[in-house]
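All values derive from a computational prediction rather than experimental measurement. The chain is numbered in sequence order, starting from 1.
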Amino acid sequence: MLQEQKNKSVLSKCGMFGLLAAGVLFQIGCAGNKDMQIEAAEVSTNKTKSNVIFDDSWLNIVEGNMPLVISAPHGGTIKPDSIKDRTCGTGVKDDNTAELSFEIEQAFAKHDKKPYLVVAKIARTKIDLNRDLEQASCKNEEVAYTWGQYHKAIESAIDEAIETFGYALYIDLHGQSHPVRRLELGYLLKTPALEANYKGTDAVKNSESKTSIQNLINNSENLTVKAMLTGENAFGTIMEKSGFPAVPSFNDPFPKEGEAYFTGGYNTRRYTSPDYPNVFGMQIEANFHGVRNSPENRAKFAKAFAQSMNEYLAFIEANLTRVK
């Protein structure tokens, strides 16, 4: 049975979203939260402080009416001159993922539904919103507030979804251009763990607790990791039937030797962790050709995605006990 939603989000329980002081980034851990830290995110509660730079146009937030929360951190194109470029990590843009997010919103509208969206419009060269604050900002205090606003928006969407529906399915949307043209569904399991899960070997027992759908498995008497990754009702399998190959899925249960594959990053780890017991999900790495490379393909994908997600959610809800 799903654990009852707590009155406040994990961030609220810390008493603050974060603190920047004396030019040093501090990481503040929540009481009772051993596996996750809340990064320093605001210079102070006063947004107008001189070293805080933020513009509402840098984030696009859509309030939804279904238990689906989608974030897209790497598709932004806005490059404010007032913010210096990041000096650590990569600044590679996930082309057209912001546009794909809004196309998905339009596709769901035809079903009288709307997912929650948190879409970054600010470029990754300025801030990486799929990293902890130190890596996201490269210790540039000026973008700490932006990082905080982005993650507060995700927190708020998750809280609202859980309050209304009892759970939230979280998806972090990205793009990749690997040689094999397929969706890469990242459940926080590396290729050996995916293979072990599919083959049913003992090795999977050591990996299940790390998967991004573990909260779902914990709250269902019928569902298993294997079924939700490679079974007939796995999201990858449903998308494959809709014309968009995916890994893992029934016919493509794990990447073959030498095939590139993204397992999922900071956002997926954070929002599907035990600290969010009513949240589960995945990172989706959408291939460029056939999905993101043209308005026509984005619309085609979005239509299939909405239909597949509706089917997937119906299956989950049939096997899930909710407490509101």
4.5 Å side-chain heavy-atom contact, Asp94 and Gln176 = no
Indicate yes or no for a side-chain donor-acceptor contact from Ser242 to the backbone of Ile238 under 3.5 Å, with no hydrogens or angles considered.
-> yes
Would the Phe262 and His178 ring centres measure less than 6.0 Å apart?
-> yes
Donor-acceptor pair, side chain of Ser212 and main chain of Thr272, under 3.5 angstrom | no
So, Asn297 side chain and Arg292 main chain: donor-acceptor pair closer than 3.5 Å or not?
-> no
Centroid-centroid under 6.0 Å between Phe280 and Tyr167 rings | yes
Salt bridge Lys139-Glu134, side-chain N to carboxylate O under 4.0 Å | yes
List in chain and number order the residues that pass ring-ring contact (aromatic ring centres under 6.0 Å, His included) with Tyr312, two or more places apart in sequence or in another chain; answer none if no residue qualifies.
-> Phe235
Name each donor-acceptor pair under 3.5 Å that joins a side chain in residues 64-74 to protein atoms two or more places apart or in another chain, with its distance.
from	atom 1	to	atom 2	distance (Å)
Asn65	OD1	Lys114	N	2.6
Ser71	OG	Tyr170	OH	2.6
Ser71	OG	Asp172	OD1	2.5
His74	ND1	His174	ND1	3.4
His74	NE2	Arg124	NE	3.4
His74	NE2	Asp128	OD1	2.5

Within the side chain of Ser220, is there an N or O that forms a donor-acceptor pair under 3.5 Å with the backbone of Asn319?
-> yes
Would you call Lys300 and Glu296 a salt bridge, taking side-chain N to carboxylate O under 4.0 Å as the test?
-> no
Going by the angle between their ring planes, with limits at 30° and 60°, are Phe301 and Phe305 parallel, tilted or perpendicular?
-> tilted
To the nearest 0.5 Å, tell me how far Met228 CE sits from Leu216 CG.
-> 5.5 Å
Take atom CZ in Phe288; do more than 12 heavy atoms of anything else shown fall under 6.0 Å from it?
-> yes
May I ask you to say whether Glu259 pairs ionically with Arg182, meaning some side-chain N is under 4.0 Å from a carboxylate O?
-> yes
Going by the side-chain hydrogen bond (donor to acceptor under 3.5 Å, both in side chains) test, which pairs reach into residues 81-92, not counting sequence neighbours?
-> Asp85-Lys126
Would you indicate whether the side-chain heavy atoms of Arg270 and Tyr276 approach each other to under 4.5 Å?
-> yes
Within-4.5 Å side-chain heavy-atom neighbours: Val119 and Leu59 | no
Would you say the side-chain atoms of Asn197 pair up with the backbone N or O of Ala193, donor to acceptor, closer than 3.5 Å?
-> no
Cationic tip of Lys256 within the cone over Phe254's six-membered ring, i.e. under 6.0 Å and within 45° of the normal?
-> yes
